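Heavy-atom basis, side chains included; hydrogens, waters and symmetry copies ignored. Given the structure is predicted, the values throughout are model-derived calculations rather than measurements.
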Amino acid sequence: MEYILWSAVAIVAAGLAGCLYMWRLAYENNVMEHSFSFMDFPAGFGTVSLFFISDIHKRSIHDSIIKSAKGKAECVIIGGDLAEGGVPFSLIEENIRKLKSIGPVYFVWGNNDYELDYHELDALLLSLGVKILDNTSVTFESPTGDKMSLLGVDYCDGGKARLDLALQDSEEGTFKILASHSPSIMRKVDPAHGISFILAGHTHGGQIRLFGFGRYAHGGVTVKGNTTMFTSNGYGTSVLPLRLGAKAQTHIIHLSRCN
């Protein structure tokens with residue numbers, strides 16, 4: 001009987017230690033740096049550096065993240081799930097103000113963003129100067145006249161994404177970057193669209209991976225024809241504040257022309 005009792009205590013202790021370890025992983029503040037080069041990247045821009053963060057959910061962005069990205073990135077792209085139901089708007093505002101200290105902020109909607117009063121969220125983002133890319137695009141021009149378009153679609157798996165409208169809103173012949181909360185947008189991308197780079201999140205890299213397996217693939221790079229897609233593990237968590245085998249991530253991404 002004593003052996004059974006101590007075995008049970010050991011199992012419970014191991015379980016608690018495992019949960020604590022996964023909880024600590026969920027609240028890491030990792031900034032990854034990546035470089036991508038493209039044959040069609042406009043030379044007039046030199047190297048463009050972006051800060052990409054997705055799936056913030058309930059987290060408060062740590063000051064170390066902002067410090068790491070300041071001076072290294074020219075703008076910020078939020079890949080959806082900025083928040084979720086129950087997150088106070090005061091926390092959302094605090095996170096946006098932190099991100100704005102890095103550079104101009106661009107946002108695409110994620111599924112969990114609609115759990116809040118999305119009209120209020122929309123109004124807050126606009127009041128803070130965030131550019132919402134809801135099936136729209138913005139165009140940037142280099143001093144030499146080269147152009148680049150940043151497109152954004154609404155939440156893809158919710159039937160709100162209209163890639164056709166975002167493409168119509170972009171200038172023809174520009175280098176195109178697409179931001180989408182869900183990586184499933186890749187299924188809608190055709191070579192004729194001329195989209196060179198996609199940024200996505202949503203999957204959390206599987207969030208909890210056992211023996212290398214998870215509900216979703218680990219974040220990383222997918223290539224389809226002339227389109228490269230980068231999917232982030234995300235910064236926050238969904239349902240449980242735990243991670244295993246899929247570290248929390250934010251990203252500084254450098255884009256340039258192939259030599």
Shortest non-hydrogen contact between [X] and [Y], atoms and distance:
X	Y	answer
Pro183	Gly201	CD-O, 3.3 Å
Pro104	Glu74	CD-O, 3.3 Å
Ala26	Pro241	CB-O, 3.4 Å
Arg59	Gly236	CD-CA, 3.7 Å
Leu50	Ile77	CD1-CD1, 4.0 Å
Asp81	Asp113	N-OD2, 2.8 Å

Same cluster for [X] and [Y] if Ile/Leu/Val/Met/Phe/Trp/Tyr side chains link at under 4.5 Å?
X	Y	value
Ile53	Leu128	yes
Ile92	Tyr114	yes
Ile56	Ile102	yes
Leu199	Val105	no
Ile177	Tyr106	yes

Side chain of [X], backbone of [Y]: donor and acceptor closer than 3.5 Å?
X	Y	answer
Ser137	Asp169	yes
Glu141	Lys147	no
Arg243	Tyr27	no
Asn233	Gly219	yes
Gln207	Arg215	no
Asp146	Gly44	yes

Donor on one side chain, acceptor on other, [X] and [Y], under 3.5 Å:
X	Y	result
Tyr235	Asn30	no
Ser232	His251	yes
Ser170	Ser149	no
Asp40	Ser196	yes
Glu94	Ser60	yes

Can you tell which of Thr136, Asn135, Asp154 makes a side chain to side chain contact (heavy atoms under 4.5 Å, CB included) with Leu165?
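For Leu165, the side chain to side chain contact (heavy atoms under 4.5 Å, CB included) check succeeds only for Asn135.
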Over 12 non-hydrogen atoms of neighbours within 6.0 angstrom of [atom1] in [X]:
X	atom1	result
Phe89	CZ	yes
Lys247	NZ	no
Lys224	NZ	yes

Min side-chain heavy-atom separation [X]-[Y] under 4.5 Å:
X	Y	answer
Asn112	Val87	no
Thr237	Leu242	no
Lys98	Asp63	yes
Lys160	Asp134	no
Arg257	Phe45	no
Val153	His181	no
Leu163	Ile195	yes
Ile132	Trp109	yes

Tell me if the aromatic rings of His202 and Tyr155 count as close, with their centers under 6.0 Å from one another.
yes
Let's go through Leu124 and Ser127 carefully: what are the C-alpha distance in whole Å and the side-chain angles of both, what is the deciding distance for side chain to side chain contact (heavy atoms under 4.5 Å, CB included) to 0.1 Å, and is it a yes or a no?
CA-CA 5 Å; Leu124 174 64; Ser127 72; 4.0 Å; yes
Could Arg97 and Glu93 be called an ion pair, given the rule that one side-chain N must be under 4.0 Å from one carboxylate O?
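Here Arg97 pairs with Glu93 in a salt bridge, since their nearest N and O are under 4.0 Å apart.
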Determine, for Lys188 against Asp164, whether the closest basic-nitrogen to carboxylate-oxygen distance falls under 4.0 angstrom.
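Not counted as a salt bridge, because no side-chain N and carboxylate O are separated by less than 4.0 Å.
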Check the pair Phe197, Ile253 against side chain to side chain contact (heavy atoms under 4.5 Å, CB included), reporting the backbone distance first and the verdict last.
CA-CA 11 Å; Phe197 191 52; Ile253 298 174; 4.1 Å; yes
Find the distance between [atom1] ([X]) and [atom2] ([Y]) and round it off to the nearest 0.5 Å.
X	Y	atom1	atom2	result
His193	Leu167	NE2	CG	5.0 Å
Cys75	Phe140	SG	CZ	5.5 Å
Asn95	Ile61	CG	CD1	4.0 Å
Asp55	His204	CG	NE2	3.5 Å
Ser238	Lys58	OG	NZ	9.0 Å
Met186	Thr222	CE	OG1	6.0 Å

Determine whether Lys70 and Ile66 satisfy the following criterion, side chain to side chain contact (heavy atoms under 4.5 Å, CB included), listing intermediate values before the conclusion.
CA-CA 6 Å; Lys70 267 187 180 180; Ile66 305 302; 4.0 Å; yes
Derivation of the side chain to side chain contact (heavy atoms under 4.5 Å, CB included) call for Phe51 and Thr250
CA-CA 8 Å; Phe51 180 71; Thr250 65; 3.7 Å; yes
Applying salt bridge (Lys or Arg N to Asp or Glu O under 4.0 Å), run through Glu33 and Lys72 and close with a yes or a no.
CA-CA 10 Å; Glu33 287 204 47; Lys72 288 187 177 180; 3.2 Å; yes
